[in-house]
Every structure is written in C-alpha cells, then in structure tokens.
**Student:** 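Have a look at the structure that comes next, please.
Only heavy atoms go into these numbers, but all of them, side chains included; no hydrogens, no water, no symmetry mates. First the proteins, then the strands, lettered A, B, ... as listed; each starts at 1.
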Amino acid sequence: MVIIKNEFFRRNPKLVAIDLLGKILVRIIDNKALEGIIVETEAYFGQDDPASRAYHGKKNYNKEMWDDPGKIFIYNVHNNWMFNVVSHEDGKVGAVLIRALHPLKGVEEMMRNRKIKDIRKLTNGPGKLTKALKIDKSLSGKFLSPKNSIYIEDRGVKVKIGSSHRIGVRKDLKEKLRFFVIDDEFVSR
DNA sequence: AGGAAGATCTACT
DNA sequence: GTAGATCTTCCTA
C-alpha cells in the first residue's frame, strides 16, 4: 500500500508506461473509492513523436505536457476524455495514456456512471474508464494526490507484460509503445 | 462557421 | 470480427 509519488514519473515515459501496469488507480467520489488495476498504457513523447499531442508545439490544449511530472493531462476526442499522466525527464516533454482498467472496487457505482450492465465493457477503453471514474477536464493540470481525490497505489501486484504498436495512430514510431497485461480480459480489443 | 479528432456504440455480414 | 453514424471540445479561418 504505497502511494506513488511524482518522482515516479520523472523519467522516460516508456519506462513509466511499463511500470504502471499492475498499479491501482484510485478515484474518490463522495468518500467512496472507485478502484481498478491499470492493465493497458501507451507512452507519448514530445515534438519528435508524430502521434503525440505535443508534436505541433505548445498549444492551449496540450500545455500540461510541458509541466512537472505527475500532473494529470486530459484531452477530448470524439466526446471522450483521455486520461494521461505527464511523464518525462527534466527538460523534455511526454505523457502516458491510461487505456484500460481492471475494475476492483466500486463496480456498482461505475456501472451507474456508464449506464451499462456488462462488466467487461466497463473500463476496457480510454474513454470508457474516464466516464466510469467521473474523470473530466476539470482534473487536468492537477497533480495525482489523495488531496485531489485521484491517485495511484502500488500494492505489489505482479503482471505479465506484452507490447504492441499504439492504437488508432496514423503515423506511429518504429518503437512499440503500447503495453498491456497478458491474458487480462479488460485490455481493449 | 467549419472541420477534425489515438473512440464508442450499434448493427450487422 | 468489421463498418458506419455519432456529436462534443477545441482548433484554424
């Protein structure tokens, strides 16, 4: 039961993406905890990464990526909120996108937020998990912290990790930057 | 004012 | 499994 500190995110986003698998994302709503194991992530770099939001330089909608590691960065795509954590070494730019969770606690609450009954479709995609956990733009720019009702814990869960190219990306890098837990049914696709 | 977006849902072959 | 409609932010003009 260790809450992850901001320093965890002060390194290459690829390493952060790998290390986040098996960690627990905790979201507090009305004093109740909604929890899920992180089972799918993607790493994004800065201006040399054509798939990154930061590729075209600093803009209003992406400026958080230049901020300190550990900050939450949220953007909207097709009416879906994408949940990222700013991750980079000093002087660089980058973020890790959380793509899927394996629900642990507060499942009833999440189903109500999503208005569905099938648990397997509850949090198996980036836009789905933000709705289930009531994450939206208002959290963008805040740090992961119990103070802000959202944080990540390490409970020592061990997972088998696989990798692939990123999803939905038009111009991907050669490197494989999507990481997921092997044999977990909550991984998207 | 117009358009595009790292997705999701639904309805099928 | 794949294909097509969807509809909200936020960008560029």
**Student:** Could A/Lys134 and A/Asp30 be called an ion pair, given the rule that one side-chain N must be under 4.0 Å from one carboxylate O?
**Tutor:**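 So A/Lys134 does not pair with A/Asp30 through a salt bridge.
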**Student:** Check the distance between C/dC10's C1' and A/Met82's CE and give it to me in whole angstrom.
**Tutor:**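 Result: 14 Å.
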**Student:** Just wondering, more than 12 heavy atoms not from A/Lys121 lying within 6.0 Å of its NZ?
**Tutor:**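 Incorrect, the count does not exceed 12.
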**Student:** A/Tyr61 has an atom OH; how far is it from atom C1' of B/dG3, in whole Å?
**Tutor:**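 After rounding, the gap between these two atoms is 14 Å.
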**Student:** State plainly whether the residues A/Glu153 and A/Arg155 are in salt-bridge range, i.e. N to O under 4.0 Å.
**Tutor:**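 Counted as a salt bridge, because a side-chain N and a carboxylate O are separated by less than 4.0 Å.
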**Student:** Short of 4.0 Å, heavy atom to strand atom, which residues of residues 95-114 of chain A count as contacting DNA chain C?
**Tutor:**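 Contacting residues: none.
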**Student:** Check for a donor-acceptor pair, side chain of A/Asp118 on one end and backbone N or O of A/Arg120 on the other, with a separation under 3.5 Å.
**Tutor:**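 Judged by distance alone, yes, a pair lies under 3.5 Å.
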**Student:** Taking atom P of B/dA7 as reference, at what distance in whole Å does atom CD of A/Glu40 sit?
**Tutor:**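 Spelled out: CD on A/Glu40 to P on B/dA7 is 10 Å.
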**Student:** Expressed as a whole number of angstroms, how long is the span from A/His78:NE2 to C/dG4:P?
**Tutor:**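 Taking NE2 of A/His78 and P of C/dG4, I get 15 Å after rounding.
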**Student:** Where the side chain of A/Glu42 meets the backbone of A/Ile167, is there a donor-acceptor pair that is under 3.5 Å apart?
**Tutor:**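 At least one qualifying donor-acceptor pair exists.
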**Student:** So, A/Arg178 and A/Asp172, do they make that salt bridge, N to O below 4.0 Å?
**Tutor:**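 Looking at A/Arg178 and A/Asp172, the cut-off is not met.
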**Student:** B/dA5, B/dT8, C/dC11: which one has an atom nearest the side-chain heavy atoms of A/Asn60?
**Tutor:**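 The answer is C/dC11.
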**Student:** Rounded to whole Å, please give me the gap between CG in A/Asn80 and P in C/dC10.
**Tutor:**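 My rounded result for the distance is 14 Å.
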**Student:** Quick one: A/Phe83 CZ to B/dA7 P, roughly how many Å, whole number?
**Tutor:**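 Taking CZ of A/Phe83 and P of B/dA7, I get 17 Å after rounding.
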**Student:** Measure across A/Ala17 and A/Phe179 and return the closest heavy-atom pair with its distance rounded to 0.1 Å.
**Tutor:**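 Taking every non-hydrogen atom into account, CB-CD1, 3.8 Å.
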**Student:** Taking A/His88 for its side chain and A/Asp67 for its backbone only, find out whether a donor-acceptor pair lies under 3.5 Å.
**Tutor:**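 Yes, because the side chain of A/His88 sits within donor-acceptor range (under 3.5 Å) of the backbone of A/Asp67.
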**Student:** What is the distance, to the nearest angstrom, from the CG atom on A/Asn79 to the P atom on B/dA7?
**Tutor:**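 Computing the A/Asn79:CG to B/dA7:P distance gives 13 Å.
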**Student:** Please list, in numerical order, the residues of residues 118-142 of chain A that have a heavy atom closer than 4.0 Å to any atom of DNA chain C.
**Tutor:**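 Result for residues 118-142 of chain A: A/Lys137, sorted by number.
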**Student:** For the backbone of A/Gly125 and the side chain of A/Ser188, can you confirm whether one donor and one acceptor N or O come within less than 3.5 Å of each other?
**Tutor:**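 Pair absent, no side-chain N/O of A/Ser188 close to backbone of A/Gly125.
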**Student:** Let me know the distance between NZ of A/Lys115 and P of B/dT10, rounded to the nearest Å.
**Tutor:**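 In whole Å, B/dT10 P and A/Lys115 NZ are 13 Å from each other.
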**Student:** Name the pairing partner of C/dC7, where a pair is Watson-Crick or G-U wobble with both distances under 3.5 Å, or state none.
**Tutor:**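 Across any shown strand, C/dC7 pairs with none.
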